[in-house]
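Working notes for the structure below.
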Number of protein chains: 4
Amino acid sequence: MKQAQLPRKIPTQARSRMMVETILKTTAKIVVKHGYAGTNTNLVAQRAGVSVGSVYQYFPNKDSLIAALYERHAQSMNRVILDVAGQYEVADLQAHIKLLVRALLQLHLQEPQLHRLLDKDFAFLSNESSEHQYKARISASIECLLQRWSHQLAHSSLQTAAWLTAQMITSMVKAYILDAPQISQMHIEQAISCSVIGLLCSTPDAGFNQHAYLRGSANSVLARSSMPAA
Amino acid sequence: MKQAQLPRKIPTQARSRMMVETILKTTAKIVVKHGYAGTNTNLVAQRAGVSVGSVYQYFPNKDSLIAALYERHAQSMNRVILDVAGQYEVADLQAHIKLLVRALLQLHLQEPQLHRLLDKDFAFLSNESSEHQYKARISASIECLLQRWSHQLAHSSLQTAAWLTAQMITSMVKAYILDAPQISQMHIEQAISCSVIGLLCSTPDAGFNQHAYLRGSANSVLARSSMPAA
Amino acid sequence: MKQAQLPRKIPTQARSRMMVETILKTTAKIVVKHGYAGTNTNLVAQRAGVSVGSVYQYFPNKDSLIAALYERHAQSMNRVILDVAGQYEVADLQAHIKLLVRALLQLHLQEPQLHRLLDKDFAFLSNESSEHQYKARISASIECLLQRWSHQLAHSSLQTAAWLTAQMITSMVKAYILDAPQISQMHIEQAISCSVIGLLCSTPDAGFNQHAYLRGSANSVLARSSMPAA
Amino acid sequence: MKQAQLPRKIPTQARSRMMVETILKTTAKIVVKHGYAGTNTNLVAQRAGVSVGSVYQYFPNKDSLIAALYERHAQSMNRVILDVAGQYEVADLQAHIKLLVRALLQLHLQEPQLHRLLDKDFAFLSNESSEHQYKARISASIECLLQRWSHQLAHSSLQTAAWLTAQMITSMVKAYILDAPQISQMHIEQAISCSVIGLLCSTPDAGFNQHAYLRGSANSVLARSSMPAA
DNA sequence: GATGAATGAGTATTCATTCAT
DNA sequence: AATGAATGAATACTCATTCAT
């Protein structure tokens, strides 16, 4: 599998930028419609109304086209995360996590088809290193957010906590848009948030032995439960 | 992308069964080493020491080879889940979830390379329907397990709870073996388990405002925390 | 293109003969349905309910299967021709030619699909020599027939006359069953017969200038003409 | 058998036209030498001194190469027929038919090898519809020619007469170049012409009853004739 | 920079044929 | 004789990439 190199050059001219934009938009459309295997550079060029040569002017190879799409996706995610991390008017960790989950869900629910593809097929072509990089950046952003609430965290390592949180949220959001199960958005938000809180705030032994926090409340909770069925 | 049909014939003769076994083993090796795109049927045949024709005798096309690998993976997972679900000597939900997480982790940590591939590339080729089927079966198995502890669940819909649990555990296990972060196996087990418990036992509002178990206990918990850093 | 050898052995056992019969029948069906390119020995064997090995017991290669069909066709044609040639109660050449045309038309109109194939595709695979042989045999048979009326023939060479007659009749019969134009059988019979008579009885120069039989009668003939339109 | 589509694009540039020309010339050579089955696209490309890709740039598949050859053949035939039909200095029908036969013979005798192939193998791959189209066009052209002499024709349907004439001439010309019997060109011309005249100018009953040259015997024959119709 | 015609390595798949049982 | 699993040569076709214009 060819290494998906970065774009050949960063276009500075307005026209070039537009061209790159058009090419990527077209690529996205085609990938969404025909899948990775059904996408080819000649088709992209033709549909984008440019010549193959022009595509190769900006993208060194086919995979770099897809990688660019992925890159953008990762950047959007990061932007969203940092946005949320930057909101200082948040009451507590729970609220913050919930905000984060909501924001990422919303991001994915825009152009769900494309995101579905990005979350699915691209795992396939992104080379280890760049994928790790993206993940690392996302982890780092989440670390920012968590830092503020570090006193509430049961984890001694902020980095680990961030990695776990990142995986959990992104995985569950992906799973949600891929499977599109009959769960309401509110419900899935709740579920993911609870999990993350469970992850961040429970201690190994605490949760598994004495369970005051579950025991006591569980009954009443269930009694009050009015969560809509899936 | 061609529909990955089921194997052409189910070999009943000992020799045939062995052949299929060899072909799949070889495919796995090659896929692990060269990735999906780098795998071709002629290579598989050659490396397996059989003729291409023989490969096509049992597998109608390239993708069906990979699909067969995936199928087996899904079956192993199911077997493990049902195994755990069947263990009746389990103290409580927490313990059961932990058992499950541990078992699935262990499964993935055998032949980690192959599982890495299976969890990564195969999303890419498995056609929607069969992928959904696999997921559905896994959800169903987990539903079995949860049923026993349904009185502890904060969710009104067992099915939803099962889907969420399935996604969470499998996603996190995958993330763990793919990223192989410096988290100990014990730690990741703990983390996933806590998340699932958080997911299953927290109620929407409960967990986010008044919960004593977070506030009150968190400090002491952290104080006692001796979790090794990632 | 592989030389279509003759059948490997002429089966003498009843069972074997039946097998050969079944194989050929099946081949015919498949060739009619899927064409030459869509016919393969494994399919023939499977459909005939025998093993490929058995097919190869009697037919050295794929083409020999088709050749056998062709051979049979040629033999039928010959038989028909000789039959007609043997009828001694025929008034004159015209009547004899008409009998011949009618008989060959009838032969082709039985199993028209198969004959269509035989007349079409098999030209393609029959190697020069065997095709020539078939044609030569047919010419020879027709020569027999013509010999009796040699005094009426305008041709100095009986052999040439026979070849021309053979070509003309077989070509036109083929054309008729292939194109299946809206010409009645009676009409086509008439037309072919007239052509052959024209061929056999006109003399080079005669026919183009002075021939009374054309000149004189043509007008009146046309006047009376009430032949149904095609 | 794959549908032999039309050429992918009609080359307008001089260079492209030459390329197509070269490819077709090469194809013809190879088909003549190795037959249809022995012709493959890679070989064609190699021998033509272009890349396979280039072949596929202009011809969507192997069969379309052959179909293009066939198309050209049909066009040549049509051109020749229309040419002859357009000659107004012709004395009579006989002369006109003779001219036509001669012209078509001459056409086939140029590059006899190629025409041999075209007349033989291509029946095999030309899909019904396109073959019918070609034949129909040829019939139509011949209809043009016959129209002028329609007063001499014994057939009430010009269309039928044209079809019969077309079949007869083309079949016999084919037969002649395929079998290459020891018949002089002059002789075959004569023979075909006479046949066609016989076909066109004899009337069903006329030729078989009252014709002076037949006269004597015909009546008694027909009187006794009670052959069952097919 | 842009173009797109030309390239040709690469690959899935078929099927006639064999031969051990 | 019959079987049919195994063989593997053969081939149509694609598509990423280049480069002369």
Side-chain angles (χ1 to χ4, degrees), chain A residues 2 9 11 13 15-16 19 37-46 49-65, chain B residues 2 8-9 11-13 15-16 19 37-46 49-65, chain C residues 2 9 11 13 15-16 19 37-46 49-65, chain D residues 2 8-9 11-13 15-16 19 37-46 49-65:
Chain A
K2 188 165 306 181
K9 49 171 125 178
Q13 306 295 316
R15 187 154 68 118
S16 307
M19 194 172 210
T39 303
N40 72 42
T41 52
N42 289 296
L43 185 63
V44 166
Q46 191 211 95
V50 299
S51 67
V52 223
S54 294
V55 172
Y56 277 86
Q57 194 88 52
Y58 296 106
F59 299 91
N61 57 43
K62 178 186 171 180
D63 284 4
S64 69
L65 274 173
Chain B
K2 193 167 300 184
R8 208 170 265 222
K9 47 170 130 176
T12 45
Q13 309 294 318
R15 186 156 66 122
S16 307
M19 194 171 204
T39 303
N40 73 42
T41 52
N42 290 297
L43 185 63
V44 167
Q46 191 209 95
V50 299
S51 65
V52 222
S54 293
V55 173
Y56 279 88
Q57 191 108 103
Y58 296 106
F59 300 92
N61 56 45
K62 179 184 168 182
D63 283 5
S64 69
L65 274 172
Chain C
K2 188 164 305 180
K9 49 171 129 177
Q13 307 295 317
R15 186 156 68 120
S16 307
M19 194 173 211
T39 303
N40 73 41
T41 51
N42 290 295
L43 185 63
V44 167
Q46 192 210 93
V50 298
S51 66
V52 223
S54 294
V55 172
Y56 278 86
Q57 194 87 54
Y58 297 106
F59 299 92
N61 57 42
K62 179 187 171 180
D63 284 4
S64 67
L65 273 172
Chain D
K2 191 167 301 184
R8 207 170 266 222
K9 48 170 128 173
T12 46
Q13 308 295 317
R15 186 154 67 120
S16 307
M19 194 172 204
T39 302
N40 73 43
T41 52
N42 290 300
L43 184 63
V44 167
Q46 191 208 97
V50 298
S51 65
V52 221
S54 293
V55 173
Y56 278 89
Q57 192 109 103
Y58 297 106
F59 300 92
N61 56 44
K62 178 184 169 182
D63 283 5
S64 68
L65 274 173

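No hydrogens, no waters, no symmetry mates; every other heavy atom, side chains included, goes into these values. These figures come from a predicted structure and were not determined experimentally. Note on naming: letters A, B, ... go to the chains in the order of the sequence lines (proteins, then strands), and numbering restarts at 1 for each one.
Separating the CG atom of A/Asn40 from the P atom of F/dT18 is a distance of 16 Å, rounded to the nearest angstrom. Rounded to whole angstrom, the span from the CD atom of B/Gln46 across to the P atom of F/dT7 amounts to 13 Å. At whole-Å resolution of the value, CZ in D/Phe59 and C1' in E/dA5 are 15 Å apart.
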Sub-3.5 Å pairs of nitrogen or oxygen atoms, protein against nucleotides 7-9 of chain E:
from: E/dT7; atom 1: OP2; to: D/Ser51; atom 2: N; distance (Å): 3.2
from: E/dT7; atom 1: OP2; to: D/Ser51; atom 2: OG; distance (Å): 3.1
from: E/dT7; atom 1: OP2; to: D/Ser54; atom 2: OG; distance (Å): 2.6
from: E/dT7; atom 1: O5'; to: D/Ser51; atom 2: OG; distance (Å): 3.4
from: E/dG8; atom 1: N7; to: D/Gly53; atom 2: N; distance (Å): 3.3

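In terms of phosphate contacts, D/Thr41 brings no side-chain nitrogen or oxygen within less than 4.0 Å of OP1 or OP2 of F/dC13. For F/dA12, the OP1/OP2 oxygens have no side-chain nitrogen or oxygen of D/Asn61 closer than 4.0 Å.
The nearest heavy atom of DNA chain F to A/Leu43 and to D/Lys62 marks one nucleotide each, and the one closer to the 5' end goes with D/Lys62. For the pair B/Thr39 and A/Arg15, both in contact range of DNA chain E, the more 5′-proximal nearest nucleotide belongs to A/Arg15.
Legend: residues meeting side chain to side chain donor-acceptor pair (under 3.5 Å) with D/Ser54, ordered by chain and number and at least two apart, are D/Ser51. Under the side chain to side chain contact (heavy atoms under 4.5 Å, CB included) criterion, A/Thr41 pairs with A/Val52, A/Tyr56, A/Lys62, A/Leu65, not counting sequence neighbours.
Residue B/Tyr56 has its side chain nearest to E/dT14 when only E/dA6, E/dC15, E/dT14 are considered.
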> What do the steps show when you test B/Tyr58 against B/Ser64 for side chain to side chain donor-acceptor pair (under 3.5 Å), and what is the final call?
Replying inline: CA-CA 9 Å; B/Tyr58 296 106; B/Ser64 69; over 6 Å; no

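A rotation axis mapping the C1' atoms of four pairs onto the next four is fitted at both ends of the helix from E/dA2-F/dT21 to E/dT21-F/dA2 over five pairs, and the angle between these axes is 0° to 10 degrees.
Shortest non-hydrogen contact noted between B/Asn40 and B/Leu43 is OD1-N, 2.7 Å.
The distance from atom CE of B/Met19 to atom CD of B/Gln57, rounded to the nearest 0.5 Å, is 7.5 Å.
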